[in-house]
Amino acid sequence: MNADKRRFSPELVLRIILLILFAYFFFGFMLIPCLNTLTSIFAERNAAGARDPLAVIRFFFAGTMGQYVLNSLKLAVCLVITVNVVGISLVLLTEYFDIKGANILRMGYMTTMIYSGVALVTGYMFLYAGDGMITSLLKNAFPNFNPNWFSGFNAVLFTMTFACTSNHMLFLRNALRGIDYNTVEAARNMGANPFRVLWTVVLPTLIPTLFSLTVMTFITGLCAMSAPTLLGYDSINPEIVRLAGSTVTDESFPQARAALLSIILAMFTIILLTVLSAYERKGHYLSVSKTKAKLQKQKINNPVANVLAHIYAYILFIIYMTPVVMIIVFSFQNYSAIKGKRLDMQGWTLINFFGKADYSYVNEAGRTKTVVGSISGVFSNEKTLGGIKLSFLLSAVAAALACLIVVVACNYIFKKKGKKMSTVVEYALLFPWLLPTILICYSYRTFFNSDAVWYVGNQNLYFGQNVKLLIILAYTVVKLPFSLRMIKASFYAIDEELEDAAKNLGSSGLRTFLQVKLPIILPSVLAVFALNFNALFTEYDMSATFQSPKGITYAMVIKSMLEDSTRGANMNALGRQCASTVFIMIVSGLILYLVYGVGARDLSERLEAKKRWRERWDKLTGKSKKALKA
């Protein structure tokens, strides 16, 4: 009897229910939709109405579809070169060489961490587009200057080069700071100059990190979406989104062509991640001394090289900081100043953030016309505010769901360590990493845009308000691999003796998890939640794929502001766009501070900070009490 009770304990029943739900989630929202996309390629019919499995593939080789693949490959290859050159130089200038003002330079180089995607691209367009500030200055200085120079491949490569260096500033910087200075000093004592030490001692130790960054940069270039879309470059992802919204009356095999391009992206991604995993499994080790010394910055003794390094460092700083500074400044300028791309010292205003105003102008007949309420701020414009609210809700729910699923899964994986089922669960959570985001989203859009999917109760998830649920599911699935990598690492910090002690005291598995394990991993879980939210809040790729009247996210609203300002359809669309970018910077900066600032403190630092705040509070309240007595 006791054996039966143990066999059918509430904990076992809960575990079975969770495994069933996980299997339902994996097959219904990860595997089956993607398999449906794959099979749809071979289900097309020819002009005679007969099923022709190779019709789309023949169309691919006969038409222009291959050009989109070549364009994406070209961008990915060039991006690997430019991003690595710029990214490595940023890290060396701020961490390895002794450059004056390195702390200020570092802050400028890391600005891409607080705004990215469509917000970053529109920021660069504010400067370099046909009517941009810098382009306007160049046109005035050089009358024959081409105002449309910032478009196509060169514009995309320029923008993405400086947008994709944030990973170098995070991961390569940490790898460089982890180098043992004793090895550098030993090479210097043997007469090697700083550049030779860099080439023969430092860079070889960074190769594993550089290889990982190279692969991820290649995948980023291959799957680029916002920059090619806004800057007019024919690559794979924008074409997939375009075809997804097309019909057979517009062109041949639109859905199957989109599916084929998605599968091609998936093949490239799987191959690259497989190569990266195989490279990491080889293991890379560095022999260091027992007493590891902190890396010290190297002085550039050659005066010419020193001057050139400083010039290069500050040119990069200007490139990074100019869009940020101009966007912040012009977010507080009035309509006429923003339209003319000129700074008006009398035109400071908060209208791009708050409130509404009328717009008056003189028509061709010389009469003054007034458009009531045509100027509105970010937090006074219904469409913009609706996009913020929707993105905030969807991102928060999806980030929380991803963390919840991964925490429960990691607890199971560590509890059943070494068993086949735990391995299956782990690889199932990593499955979305093998596929490009656009394939997952396109698969959702086509598979769930039907009333015949029994998996979801025969509900059309792409119709009406249901699209919000579909976006949440896509957001959650895409963030599962990253959440697993981060949260799983925190489980290694749990001392097994704590769990054994809880069991000896008669605590159940669920109670042990809630009262012992969860408090230990909670800071890491909150950090992952914050980073997931930060990435999803202004996410563009998935938003463009799921675009519908009931699913207009903040990123799509920002894109529509750019279109409105280009057509002149809205009086202060560009000003509201600048204000939106500033708002994104504030939200992202606050989250990064909570994660890498407050969240990165150890227990002693937190206690010390708590003590300081308590002393300040006691001092303040003490003064208040004295004032009341007086």
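Heavy-atom basis, side chains included; hydrogens, waters and symmetry copies ignored.
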Please name the pair of heavy atoms, one in [X] and one in [Y], separated by the smallest distance, quoted to 0.1 Å.
{"X": "Ala224", "Y": "Leu75", "value": "CB-CD2, 4.0 Å"}
{"X": "Lys550", "Y": "Gln465", "value": "CD-NE2, 3.6 Å"}
{"X": "Pro238", "Y": "Met225", "value": "N-SD, 3.7 Å"}
{"X": "Ala409", "Y": "Val425", "value": "CB-CG1, 4.0 Å"}
{"X": "Thr217", "Y": "His168", "value": "OG1-CE1, 4.5 Å"}
{"X": "Ala155", "Y": "Ser151", "value": "CB-N, 3.3 Å"}

Using modelled atom types and a 3.5 Å cut-off, is there a donor and acceptor pairing between side-chain atoms of [X] and backbone atoms of [Y]?
{"X": "Ser380", "Y": "Gly377", "value": "no"}
{"X": "Ser40", "Y": "Ala256", "value": "no"}
{"X": "Glu539", "Y": "Met542", "value": "yes"}
{"X": "Ser588", "Y": "Ile114", "value": "yes"}
{"X": "Thr122", "Y": "Val118", "value": "yes"}
{"X": "Asn352", "Y": "Ala579", "value": "no"}
{"X": "Thr384", "Y": "Asn381", "value": "no"}
{"X": "Ser450", "Y": "Thr446", "value": "no"}

Can you confirm if the aromatic rings of [Y] and [X] lie within a centre distance of less than 6.0 Å?
{"X": "Tyr462", "Y": "Tyr444", "answer": "no"}
{"X": "Phe29", "Y": "Phe448", "answer": "yes"}
{"X": "Phe26", "Y": "Phe431", "answer": "yes"}

With a 4.5 Å heavy-atom cut-off, do [X] and [Y] have their side chains touching?
{"X": "Arg576", "Y": "Ser376", "value": "yes"}
{"X": "Glu239", "Y": "Ile236", "value": "no"}
{"X": "Phe529", "Y": "Val525", "value": "no"}
{"X": "Ser395", "Y": "Tyr475", "value": "yes"}
{"X": "Lys356", "Y": "Ile375", "value": "no"}
{"X": "Asn458", "Y": "Asp451", "value": "no"}
{"X": "Phe354", "Y": "Val378", "value": "no"}
{"X": "Gln255", "Y": "Leu243", "value": "no"}

- Message: Suppose we screen for ring pair (Phe, Tyr, Trp, His ring centres under 6.0 Å). Which residues come up paired with Tyr455, at least two apart in sequence or across chains?
- Response: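 In terms of ring pair (Phe, Tyr, Trp, His ring centres under 6.0 Å), with neighbours along the sequence ignored, Tyr455 is linked to Tyr24.
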
Hey, what do you get for [atom1] ([X]) to [atom2] ([Y]), rounding to the nearest 0.5 Å?
{"X": "Leu484", "Y": "Ile405", "atom1": "CG", "atom2": "CD1", "answer": "11.5 Å"}
{"X": "Asn36", "Y": "Thr39", "atom1": "CG", "atom2": "OG1", "answer": "5.0 Å"}
{"X": "Ile270", "Y": "Ile263", "atom1": "CD1", "atom2": "CD1", "answer": "8.5 Å"}
{"X": "Ile471", "Y": "Ser391", "atom1": "CD1", "atom2": "OG", "answer": "8.0 Å"}
{"X": "Arg242", "Y": "Arg257", "atom1": "CZ", "atom2": "CZ", "answer": "6.0 Å"}
{"X": "Thr553", "Y": "Leu536", "atom1": "OG1", "atom2": "CG", "answer": "10.5 Å"}

- Message: Does Asn466 form a side chain to side chain donor-acceptor pair (under 3.5 Å) with Asn460? I'd like the steps, not just the answer.
- Response: CA-CA 7 Å; Asn466 292 343; Asn460 188 325; over 6 Å; no

- Between Ile558 and Ile584, does a side chain to side chain contact (heavy atoms under 4.5 Å, CB included) hold up when you go through it step by step? CA-CA 11 Å; Ile558 294 175; Ile584 292 168; 3.5 Å; yes

- Give me the ring orientation class for Phe537 and Phe583: parallel if the planes are under 30° apart, tilted from 30 to 60°, perpendicular past 60°.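 If you compare the ring of Phe537 with that of Phe583, the planes turn out perpendicular.
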
- Give me the one residue out of Ser72, Ser235, Pro436 that meets side chain to side chain contact (heavy atoms under 4.5 Å, CB included) with Cys223.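 Result for side chain to side chain contact (heavy atoms under 4.5 Å, CB included) with Cys223: Pro436.
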
- Using side chain to side chain contact (heavy atoms under 4.5 Å, CB included) as the criterion, point out the one residue from Ile438, Leu261, Leu222, Thr545 that pairs with Asn237.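 The passing option is Ile438.
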
- Item | Intermediate values then yes/no, side chain to side chain contact (heavy atoms under 4.5 Å, CB included), Leu231 and Tyr124 | CA-CA 10 Å; Leu231 298 173; Tyr124 276 84; over 6 Å; no

- Query: Around Phe463, counting heavy atoms of other residues, nucleotides and ligands shown, do more than 12 lie under 6.0 Å from its CZ?
  - Reply: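 No, the 6.0 Å shell around CZ holds no more than 12 heavy atoms from other groups.
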
- Just wondering, are more than 12 heavy atoms of other shown residues or ligands nearer than 6.0 Å to CZ in Phe392?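 12 or below, so no.
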
- Task: For side chain to side chain contact (heavy atoms under 4.5 Å, CB included), just list the numbers for Tyr554 and Leu390, CA-CA rounded to whole Å, side-chain angles, deciding distance to a tenth of an Å, and then say yes or no.
- Result: CA-CA 7 Å; Tyr554 194 21; Leu390 180 62; over 6 Å; no

- Answer with yes or no whether the side chains of Ser483 and Asn532 bring together a donor and an acceptor at under 3.5 Å.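 Judged by distance alone, the side chains do pair up.
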
- Check step by step if side chain to side chain contact (heavy atoms under 4.5 Å, CB included) holds for Ser212 and Phe171. CA-CA 10 Å; Ser212 300; Phe171 303 111; over 6 Å; no

